[in-house]
Amino acid sequence: MVVIGVDAHKRSHTLVAVDEVGRKVDEHTVAVLLEPIQGEAGVIAPPDHYLPAVREICTARNVLMIADEIQSGLARTGRTFACDHWDVVPDIYLLGKALGGGVVPLSAVVADRDVLGVLHPGEHGSTFGGNPFAAAIGTTVVSMLNRGEFQDRATRLGAQLHSRLEKLIGHGVVAVRGRGLWAGVDIDPALGTGKQLSLGLAERGVLVKDTHGSTLRFAPPLVITETEIDWAVDRFADTLAAMAP
C-alpha cells in the first residue's frame with residue numbers, strides 16, 4: 001500500500017508539480033493525501049488549476065483523493081471546506097481542531113459509504129472512540145456550520161484582516177497570503193525571528209503561531225469582530241515598529 005503525500009508540511013511556495021503527482025501514481029498507489037491549503041508551510045494556497053488536476057488524476061487512476069482539512073476546514077477559509085474554493089470533492093476528508101469547538105479533542109475521517117463501508121464493526125477501534133460528549137459537540141458544530149453564518153463571517157472579516165495586513169508590506173512585512181480568517185505573514189528577517197515577533201505580540205495581548213523562522217500564522221476565532229481585528233493588527237504594527245533596527 002502506498003500513499004503519496006503532497007508537500008504537506010515542507011516550506012515551499014512551489015507545490016509538487018501536478019505532472020510529478022501523475023508520474024508517482026502507479027498500480028501500487030491507493031491514495032494521494034494533501035492539504036488543499038498548506039498550513040504549517042505558511043498558509044500557502046495552490047494555483048487554481050492544481051486541485052482540479054489532482055482530482056482528475058485520482059479519478060482516472062482509481063486512486064483515493066484524501067484532503068487533510070484539519071486546519072483549513074470547517075469555515076476557516078470562508079467555505080465549509082477549503083476544497084470548495086475550487087469545486088473539488090475529495091473521496092475522504094480528514095477533520096479535527098474546530099470540529100471539537102476548540103475545546104474538546106475531536107477528529108473525524110469523513111467519506112461516503114462506498115469508501116468507509118469497507119470497514120465493518122470490530123475491524124477498527126479507537127481508545128477514545130464512541131465518546132458521547134465529544135460526539136455531541138461535533139454534532140453541534142456541524143449544525144452551526146449548516147447555517148452558513150461562520151462561512152460568511154470568515155469571508156467578510158477575512159477580507160478586512162488581509163486588507164489591514166497587506167498595508168504593512170514594506171513596513172516590516174514582506175508578504176501576506178491566505179484565505180478567509182487565515183493568513184500567513186512573512187516578516188523581514190532583519191527585524192528578528194518569527195518566534196521573537198510572536199513573543200512580542202503575546203506581550204501586547206495577541207496570540208499568533210510562528211513557523212519556518214520568519215513566518216507568522218494568524219488564525220483568529222471565527223467569532224472575532226471588526227473592532228478586534230483592527231485592534232490586533234494595530235498591536236502587530238506596534239510590535240513591528242518596536243523591533244525595527
Side-chain angles (χ1 to χ4, degrees), residues 3-9 15 30-46 50-52 54-55 58 63-119 121 123-155 158 178-184 209 211 217-224:
V3 175
I4 295 177
V6 182
D7 206 27
H9 297 291
L15 298 170
V30 297
V32 174
L33 167 63
L34 50 72
E35 290 181 292
I37 297 178
Q38 295 177 339
E40 187 69 23
V43 193
I44 300 174
Y50 194 86
L51 290 182
V54 173
R55 172 70 276 182
C58 292
V63 167
L64 294 174
M65 180 180 180
I66 305 176
D68 177 352
E69 295 253 20
I70 291 171
Q71 291 190 58
S72 63
L74 305 181
R76 167 58 59 189
T77 67
R79 305 292 295 272
T80 302
F81 303 111
C83 285
D84 295 343
H85 288 287
W86 296 277
D87 296 322
V88 167
V89 179
D91 299 293
I92 299 175
Y93 293 99
L94 305 182
L95 303 177
K97 296 187 184 295
L99 187 62
V103 178
V104 174
L106 177 63
S107 59
V109 176
V110 181
D112 290 339
R113 188 178 298 275
D114 60 344
V115 174
L116 289 184
V118 301
L119 297 176
E123 293 181 349
H124 179 70
S126 171
T127 302
F128 297 103
N131 185 315
F133 178 59
I137 291 176
T139 300
T140 300
V141 168
V142 171
S143 297
M144 294 170 68
L145 290 173
N146 278 338
R147 303 199 301 260
E149 169 190 351
F150 294 99
Q151 294 89 329
D152 292 342
R153 287 184 61 83
T155 298
R179 294 286 181 99
L181 281 171
W182 200 22
K209 181 68 175 69
T211 186
R217 287 176 291 165
F218 288 72
L222 304 189
V223 293
I224 197 170

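No hydrogens, no waters, no symmetry mates; every other heavy atom, side chains included, goes into these values. All residue numbers in this chain count up from 1 along the given sequence.
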Interatomic spacing from [atom1] in [X] to [atom2] in [Y] - rounded to 0.5 Å:
| X | Y | atom1 | atom2 | result |
| --- | --- | --- | --- | --- |
| Y93 | L99 | OH | CG | 14.0 Å |
| Q151 | L145 | CD | CG | 5.5 Å |
| R79 | T155 | CZ | OG1 | 8.0 Å |

Listed once per pair and sorted, the salt bridge (charged side-chain N to carboxylate O under 4.0 Å, His left out) pairs that draw on [range], sequence neighbours left out:
| range | answer |
| --- | --- |
| residues 128-140 | none |
| residues 128-153 | R147-E149 |
| residues 94-103 | none |

Quiz: residues 131-143 side-chain donor-acceptor pairs under 3.5 angstrom, not counting sequence neighbours:
residue, atom, partner, partner atom, Å
N131, OD1, F133, N, 3.0
N131, OD1, A134, N, 3.0
T139, OG1, A135, O, 2.8
T140, OG1, A136, O, 2.9
S143, OG, T139, O, 3.0

query: Between A98 and L74, what is the shortest heavy-atom contact and its length?
result: C-CD1, 4.0 Å
field: For V43 against R217, the heavy-atom pair lying closest together
entry: CG2-CG, 3.8 Å
Give a yes or no answer on whether the side chain of [X] reaches the backbone of [Y] with a donor-acceptor pair at less than 3.5 Å.
| X | Y | result |
| --- | --- | --- |
| T211 | G42 | no |
| E69 | P36 | no |
| R76 | L181 | yes |

field: Close side-chain approach of F150 to V223, heavy-atom, < 4.5 Å
entry: yes
message: Within the structure provided, determine whether L51 and L34 are in side-chain contact (heavy-atom separation under 4.5 Å).
response: yes
Pair up each side-chain donor or acceptor in residues 83-92 with any protein partner under 3.5 Å, not counting sequence neighbours, and list the distances.
residue, atom, partner, partner atom, Å
D84, OD2, F81, N, 3.1
H85, ND1, R179, NH1, 3.2
H85, NE2, T77, O, 3.2
H85, NE2, T77, OG1, 2.9
W86, NE1, D48, OD1, 3.0
D91, OD2, R55, NH1, 3.4
D91, OD2, R55, NH2, 3.0
D91, OD2, M65, N, 2.8

Between side-chain atoms of residues 101-114 and protein atoms elsewhere (two or more places apart, or another chain), which donor-acceptor pairs fall under 3.5 Å?
none

